[in-house]
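What follows is one structure encoded as structure tokens, with my remarks underneath.
Just so you know, ligand 1 is whichever comes first in the structure, and atom 1 is the first atom listed for that ligand. Here the structure is a predicted model, which is why all the values come from computation and not from measurement.
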Amino acid sequence: MRKKLVAGNWKMNGAREGNAALLAALLGGLDGCHCEIAVCPPFPYLSQVASLLADSGIALGAQTLSEHAVGAYTGEVSGAMLVEFGCRYVLVGHSERRALFAEGDAQIAAKFASAQAVGLMPVLCLGETLAQRECGETFSVVAAQLAAVLDRVGVKALASAVVAYEPVWAIGTGLTATPGQAQEVHAAIRSQVAALDCDVASGLRILYGGSVKAQNAAELFGQADIDGGLIGGAALVAEDFLAICRAAN
Ligand code: PEP
């Protein structure tokens, strides 16, 4: 049985005072939440969030990492640094990184490998654009994004990772994939992994992301291959995020 995971991606939002208020509200509202929960704040707040979450059961994650381990890479942050600040998870290949920072499949696969090399659990984000969906390319695009990582690290590496299917057209737009649309892509992702290793596939958590809200979360999370959510906007409002966590029960 896969334990559901709900992870909040704060993106480039936050400030010390607001972070403390948000986390206090989250910590005070965990009764009735039985899924695993993680939050991914911007780098400068990792230390603050780590101390506020100490011993709380809410895990800490980061939003990206360098593919390099150390050296002359101005502005970059290594996986080992994230581990030092208490991170368990790191997002890899978020569509905003792919689109706005030109991260391609090879770099994303290298980041995935770098995360695992230091014991971080990568959350590998996959998803098609609206144009790709309209051309009927959803399954081939997602399969190619996943294959780039599988080719680099091998299928067993997915036993220590999470995948997030996030249709680009649903991120931050208010448009959500229907539960049926999401489920068919999740099932295809699991089949692609199962073709290489059935045990890894059946244990793999595949999150859905893209305008998840309290109102649509339960139906999405009720699908056979949807094991939780990666939440952007709604992760910034404690009561919304908690309602989504409860929907994962
Ligand atoms: C995301 O950024 O990963 C995301 C899913 O955002 P939103 O929930 O705001 O669509």
Side-chain angles (χ1 to χ4, degrees), residues 4-14 18-19 22 26 35-43 45 49 58-65 87-101 103 108 111-112 115 120-130 132-133 138 141-142 145-146 149 161-179 181-183 185-186 189 205-221 223 225-248:
K4 289 217 168 23
L5 168 64
V6 176
N9 171 15
W10 290 7
K11 311 197 191 198
M12 200 176 72
N13 294 291
N19 299 343
L22 174 57
L26 285 186
C35 63
E36 191 182 342
I37 302 174
V39 294
C40 305
F43 290 143
Y45 300 125
V49 174
I58 299 184
L60 185 62
Q63 298 173 16
T64 185
L65 81 165
C87 288
R88 171 167 169 71
Y89 294 102
V90 62
L91 307 184
V92 173
H94 190 280
S95 64
E96 288 154 13
R97 303 291 318 171
R98 291 179 191 261
L100 303 175
F101 302 96
E103 290 187 10
I108 289 162
K111 286 181 182 230
F112 186 105
L120 287 165
M121 188 159 299
V123 178
L124 173 66
C125 303
L126 313 170
E128 81 288 0
T129 64
L130 185 57
Q132 289 165 335
R133 176 163 281 266
T138 298
V141 166
V142 170
Q145 291 171 342
L146 178 57
V149 172
V162 174
V163 168
Y165 168 56
E166 298 204 300
V168 178
W169 48 272
I171 295 183
T173 58
L175 298 173
T176 315
T178 64
Q181 282 174 322
Q183 166 58 26
V185 181
H186 283 235
I189 291 168
R205 290 187 293 184
I206 308 175
L207 313 184
Y208 171 77
S211 298
V212 177
K213 306 178 197 68
Q215 300 89 306
N216 58 23
E219 209 186 340
L220 285 160
F221 298 166
Q223 303 300 307
D225 290 293
I226 301 187
D227 305 307
L230 180 54
I231 317 300
L236 301 173
V237 181
E239 66 197 44
D240 293 350
F241 190 63
L242 287 167
I244 292 168
C245 293
R246 279 190 213 98

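- For the salt bridge (Lys or Arg N to Asp or Glu O under 4.0 Å) condition, the pairs that include at least one residue of residues 205-217, sequence neighbours left out, are Glu36-Arg205.
- A heavy-atom distance below 4.5 Å is not found between the side chains of Gln223 and His186.
- Remark: Asp225 engages Arg190 in a salt bridge (charged side-chain N to carboxylate O under 4.0 Å, His left out) (not counting sequence neighbours).
- No donor-acceptor pair closer than 3.5 Å links the side chain of Gln63 to the backbone N or O of Asn9.
- Arg246 meets the salt bridge (charged side-chain N to carboxylate O under 4.0 Å, His left out) test with no other residue; sequence neighbours excluded.
- A donor-acceptor pair is defined here as one N or O able to donate and one able to accept, closer than 3.5 Å; no such pair exists between the side chain of Tyr89 and the backbone of Leu91.
- Enumerated by chain and number, the residues approaching ligand 1 to less than 4.0 Å through a heavy atom are Asn9, Lys11, His94, Glu166, Ala170, Ile171, Gly172, Gly209, Gly210, Ser211, Leu230, Ile231, Gly232, Gly233.
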